[in-house]
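The structure presented is a predicted model; accordingly, all values stated were derived computationally and were not measured.
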Amino acid sequence: MTARDTDWDGVRLHVVTGKGGTGKTTVAAALALALAHSGRKVLLIETEGRQGIARLFDRPPLPYEERKIAIGPGEADDGRDPGGDVYALAIDPEGALLDYLELFYNMRSAGRALRRLGLVDFATTIAPGLSDVLVTGKATESTRRKQRGDGYVYDSVVLDAPPTGRVGRFLNVSAAVSGLAKVGPIRAHADTVARVIKSPQTAVHFVTTLEEMPVQETLDGIAELRRIAGIQVGGIMINMARPAVLSQQELKAPPEASTLAKALAAAGLHGTDVLAAALCDELAEHARHVELQDRERTELEAAGQPIYLLPMIADGIDLAALHRLAAELRDQGAA
Ligand SMILES: Nc1ncnc2c1ncn2[C@@H]1O[C@H](COP(=O)(O)OP(=O)(O)OP(=O)(O)O)[C@@H](O)[C@H]1O
Ligand SMILES: [Mg+2]
């Protein structure tokens with residue numbers, strides 16, 4: 001097994017959040033793949049009930065059950081590193097409630113009766129704090145789960161979490177249930193969950209693109225989590241980054257339209273004035289875009305968390321693309 005330092009060596013539960021649509025599910029999957037090296041076993045969990053992971057890995061919808069969905073990359077060319085396994089689980093509050101009743105009270109059949117009476121819906125919709133604690137409860141239970149003998153069942157767990165706007169409430173389980181239960185099993189459960197989430201074993205990573213809104217949400221999210229004692233803010237994963245096609249020099253001093261027109265004419269093109277003007281507009285637009293991206297990146301850097309850069313993959317995300325993103329995360333020390 002290759003021992004190598006990463007930025008998150010003691011972390012076993014990786015929570016991935018970010019503004020909607022910035023690539024949380026994609027990056028969570030890539031991170032799970034990246035962590036599944038050297039025979040390690042990783043569980044990738046989704047919480048929103050939308051079967052994004054199944055779609056991403058081109059699988060039928062996941063049941064409420066841990067299923068192997070991918071094999072991590074082997075590191076050594078000589079085949080001595082077999083890679084690891086990625087398992088996946090789609091959690092929904094109802095499944096989590098039944099699971100909770102089974103796990104702690106051996107009461108799955110009672111759970112079914114409750115469902116028939118409509119009480120499960122009642123419990124999970126009327127008390128969103130309860131449904132959050134059931135979902136985080138399942139994630140922390142799989143993080144803590146031990147094998148017979150010794151060691152953990154999963155070396156790492158990656159949680160595709162709710163977006164930034166909801167993640168504080170989602171993770172601050174003790175506060176979430178404090179209005180529901182001051183004592184008793186739910187309270188005790190919440191406290192167990194909180195002990196994992198607020199330990200050095202857990203880090204919360206933020207996925208963002210280099211645009212104003214996602215960056216602002218990331219900074220707000222980081223500030224919010226820093227106010228919750230014990231929660232460890234993780235890395236910032238800049239997703240869908242576009243490579244700069246021009247140098248700083250070229251961007252600062254773009255060629256004049258007349259120079260461009262001459263060059264285009266020399267290349268044998270017609271209508272070069274119109275073409276040159278259009279190209280100049282493009283250049284100016286690109287320069288504005290690069291400047292904006294640089295500004296957003298500077299703002300992110302000010303947060304003081306490690307930053308990882310994931311490229312925009314032009315052909316869309318398939319398994320090969322996920323492996324490419326995973327390799328980037330490995331190379332940059334995120335996993
Ligand atoms: N690095 C990338 N390069 C190209 N396309 C990407 C990249 N990352 C994500 N995408 C695409 O962007 C879209 C949104 O990604 P994804 O579903 O992972 O975002 P999300 O944050 O989980 O969204 P939601 O908030 O809806 O859950 C998808 O179509 C995905 O394939
Ligand atoms: Mg998603």
Could [X] and [Y] be called an ion pair, given the rule that one side-chain N must be under 4.0 Å from one carboxylate O?
X    : Y    : answer
E301 : R297 : yes
R67  : E65  : yes
R295 : E291 : yes
R227 : E224 : no
R288 : E285 : yes
D85  : K68  : yes
E66  : R145 : yes
D191 : R187 : yes

At what distance, to the nearest 0.5 angstrom, does [atom1] of [X] lie from [atom2] of [Y]?
X    : Y    : atom1 : atom2 : result
S142 : L13  : OG    : CG    : 8.0 Å
Y308 : D7   : OH    : CG    : 3.5 Å
L260 : L283 : CG    : CG    : 6.5 Å
D58  : D318 : CG    : CG    : 9.0 Å
E256 : C280 : CD    : SG    : 7.5 Å
E46  : D92  : CD    : CG    : 10.0 Å

Original post:
Going through the distances and angles, do R226 and I222 end up as a side-chain contact (heavy atoms from CB on, under 4.5 Å)?
Top reply: CA-CA 6 Å; R226 282 184 180 153; I222 290 174; 3.5 Å; yes
Under a single-linkage definition using a 4.5 Å side-chain heavy-atom cutoff for Ile, Leu, Val, Met, Phe, Trp and Tyr, are [X] and [Y] assigned to the same hydrophobic cluster?
X    : Y    : answer
F206 : I228 : yes
M240 : L325 : no
L319 : I313 : yes
V157 : I71  : no
L246 : L210 : no

Does [Y] offer a backbone N or O that forms a donor-acceptor pair with the side chain of [X] under 3.5 Å?
X    : Y    : answer
T47  : D160 : yes
Q232 : T202 : yes
T140 : T136 : yes
R40  : G84  : no
T298 : D294 : yes
D9   : T6   : yes

Side-chain touch [X]/[Y], heavy atoms, less than 4.5 angstrom:
X    : Y    : answer
T143 : Q201 : yes
W8   : H205 : yes
T164 : D220 : no
T208 : K24  : no
I69  : L62  : yes
V290 : Q293 : no
V158 : L43  : no
V42  : D155 : no

Original post:
So I238 and I307, side-chain contact (heavy atoms from CB on, under 4.5 Å) or not? Walk me through it.
Top reply: CA-CA 7 Å; I238 297 176; I307 289 185; 3.7 Å; yes
**OP:** Mind running side-chain contact (heavy atoms from CB on, under 4.5 Å) on V245 and H286 for me, showing each step along the way?
**Re:** CA-CA 9 Å; V245 284; H286 183 66; 3.3 Å; yes
**OP:** Check step by step if side-chain contact (heavy atoms from CB on, under 4.5 Å) holds for L35 and H14.
**Re:** CA-CA 10 Å; L35 290 162; H14 296 264; 3.6 Å; yes
Nearest non-hydrogen partners of [X] and [Y], listed with the distance:
X    : Y    : value
T17  : P162 : OG1-O, 2.9 Å
P306 : G234 : CD-O, 4.0 Å
I91  : A96  : CG2-CB, 3.9 Å
V15  : A161 : CG1-CB, 3.6 Å
A54  : P60  : CB-O, 3.5 Å
A88  : I53  : CB-CG2, 4.0 Å

Original post:
Between Y87 and Y154, how do the two ring planes meet: parallel, tilted or perpendicular, split at 30° and 60°?
Top reply: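 Rings of Y87 and Y154: perpendicular, as their planes differ by over 60°.
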Would you indicate whether [X], at its atom [atom1], is surrounded by more than 12 heavy atoms from other residues, nucleotides or ligands within a distance under 6.0 Å?
X    : atom1 : result
L269 : CG    : yes
Q147 : CD    : yes
E250 : CD    : yes
E282 : CD    : no

**OP:** State whether a side-chain donor-acceptor pair under 3.5 Å links E212 with Q216.
**Re:**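 Absent: no donor and acceptor within the cut-off.
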Original post:
After noting the C-alpha distance and the side-chain angles of E211 and T209, does the key distance pass the side chain to side chain donor-acceptor pair (under 3.5 Å) rule?
Top reply: CA-CA 6 Å; E211 293 163 302; T209 52; 2.6 Å; yes
